[in-house]
Amino acid sequence: MTSPAADMAPTQVATSDVAIVTGGTRGIGEAVVRRLITEGRTVVASYVQNNTAASALVADLADAPGSLTVVQADVANEADVLRIFAAADELGVVTSVVNNAGLIFPIGRLADFDAARIERTMAVNVTGLLLCCREAVRRMSTESTGHGGSIVNVSSRAASFGSPNDFIDYAASKGAVDTATIGLATEVAREGIRVNAVRPGLIDTDIHADAGFPDRVFALGDKVPMGRHGTADEVAATITWLLSDESSYVTGALLDVGGGR
Ligand code: NAP
């Protein structure tokens, strides 16, 4: 399925402000999309391979106030990133970008990781995010023809912990996300663009199954100071606040959403 598929056409006529959410058809990204659509926003959500989840979300939101277009695209592929933004350009002006797409490989020790795993982790979690940031800035900057906007990068508390014995490669990729967020926020602060990161802790999504530990949030939730894991919607609430004008003086922030951990 390529962008935007005929059977996944927008459910309503587009408005002028467009939000892009990468990895927006499952987990945290899906929760962000649901909030934005409920607000009546025009949203482009990308995903990489799970057509079933994407189709189900489009069907579920068919009668919602906003409009949803889904685009199959690998954010590690530059041409695919350009397709995501081209789909958004057709609908209006991109003012919100949530760089949420990310992946994790099975838990292990660095000594056992091969180059392909490390390269794929960096390609999706870092290169893909940087390419999406680049396309966002090109459209939003008041130094060119843009009218400003808000970029939210989805990092992880793993960036602080380093995830020893779990996934150091993933943690390192999220450290890069934090650094890029700080740098870009400063670079474009006078161009009408705010750039922030959220750093989720232990959140109940399918990503833990990809890490080979589907029950992770239930096994480890008690170790979180608040005594429980978080939900995708709790992260989404923070992300949509960062997209909104309610956070108009917040940029370059790395906001932990981890229940105190
Ligand atoms: P998830 O439920 O596994 O969903 C991941 C989403 O990203 C899916 O829509 C997936 O598409 C998409 N995706 C994966 N690789 C992609 C690629 N190469 N190109 C485009 N899209 C891609 O994961 P999640 O837990 O919601 O995670 C979302 C973000 O939060 C990630 O950046 C993750 O690192 C971060 N995070 C999560 C947690 C947590 O505990 N859940 C904690 C800290 C940070 P398909 O549906 O097609 O597979």
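For ligands, and for the atoms within them, numbers begin at 1 and follow the listed sequence. Numbering of residues begins at 1 and proceeds along the displayed sequence.
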ask   = Going by an N to O cut-off under 4.0 Å, is there a salt bridge joining D60 and R34?
value = yes
request  = Verify side-chain contact (heavy atoms from CB on, under 4.5 Å) between R139 and D89, making sure each step is shown before the conclusion.
outcome  = CA-CA 9 Å; R139 286 160 177 78; D89 291 341; 2.9 Å; yes
key: Heavy-atom nearest option to atom 42 (C) of ligand 1, drawn from G201, A101, A54   = G201
query = Can R35 and D233 be counted as an ion pair, charged N to O under 4.0 angstrom?
reply = yes
inquiry  = Given S155, G102, A211, identify the one with the heavy atom nearest to atom 44 (C) of ligand 1.
reply    = S155
Min N/O separation S46 to ligand 1 under 3.5 Å = no
request  = Could you list which atoms of ligand 1 come closer than 4.0 Å to a heavy atom of Y170?
outcome  = 33 (C), 34 (O), 35 (C), 36 (N), 43 (C), 44 (C)
inquiry  = For ligand 1, which is the ligand I care about here, please tell me if H208 has any N or O atom under 3.5 Å from one of the ligand's N or O atoms.
reply    = yes
message = What I want to find out is whether R83 reaches D80 closely enough, with some N-O distance under 4.0 Å, to be called a salt bridge.
response = yes
inquiry  = Can you confirm, on distance only, whether ligand 1 has an N/O atom lying under 3.5 Å from any N/O atom belonging to G29?
reply    = no
For G27, atoms of ligand 1 separated by under 4.0 Å from a heavy atom = 2 (O), 26 (O)
query = Applying a strict 4.0 Å limit to heavy atoms, is K174 in contact with ligand 1?
reply = yes
V124, any N or O under 3.5 Å of ligand 1 N or O = no
Could you list the donor-acceptor pairs under 3.5 angstrom formed by side chains in residues 101-108, with sequence neighbours left out?
none

request  = Could you tell me which atoms of ligand 1, counted from 1 in the order shown, lie closer than 4.0 angstrom to a heavy atom of R120?
outcome  = 18 (N)
query = Does the pair R120/D74 count as a salt bridge with the N-to-O cut at 4.0 Å?
reply = yes
request  = With sequence neighbours excluded, tell me which residues meet ring-ring contact (aromatic ring centres under 6.0 Å, His included) with F85.
outcome  = none
message = Among T22, V32, N77, V48, which one puts a heavy atom closest to atom 17 (C) of ligand 1?
response = V48
task = Mark up the atoms of ligand 1 that fall under 4.0 Å of a heavy atom belonging to T25, in ascending order.
result = 9 (O), 46 (O)
task = Indicate yes or no: does R199 engage D178 in a salt bridge with an N to O separation below 4.0 Å.
result = yes
key: Element-labelled atoms of ligand 1 that are located less than 4.0 Å from some non-hydrogen atom of N50   = 45 (P), 46 (O), 47 (O)
message = Show me which atoms of ligand 1 lie under 4.0 Å from any heavy atom of D74.
response = 17 (C), 18 (N), 19 (N)
inquiry  = Could you tell me if the side chain of K174 sits less than 4.5 Å from the side chain of S155, heavy atoms only?
reply    = yes
key: Which residue and heavy atom of the protein sit nearest atom 27 (O) of ligand 1, plus the separation   = I207 CD1, 4.0 Å
query = For ligand 1, is there an N or O atom under 3.5 Å from any N or O atom of I28?
reply = yes
message = As an exercise, identify every atom of ligand 1 less than 4.0 angstrom from a heavy atom of A73.
response = 19 (N), 20 (C)
inquiry  = Less than 4.5 Å apart, side chain to side chain, heavy atoms only: is that true for I84 and V44?
reply    = yes
request  = Give the numbers and elements of all ligand 1 atoms closer than 4.0 Å to a heavy atom of G23.
outcome  = 6 (C), 7 (O), 9 (O), 12 (C)
query = Can you list the steps and then say if R41 with S96 is a side-chain hydrogen bond (donor to acceptor under 3.5 Å, both in side chains)?
reply = CA-CA 10 Å; R41 297 286 307 269; S96 304; 3.1 Å; yes
inquiry  = Please state which option from N100, V257, V154, V235 has its nearest heavy atom closest to atom 31 (C) of ligand 1.
reply    = N100
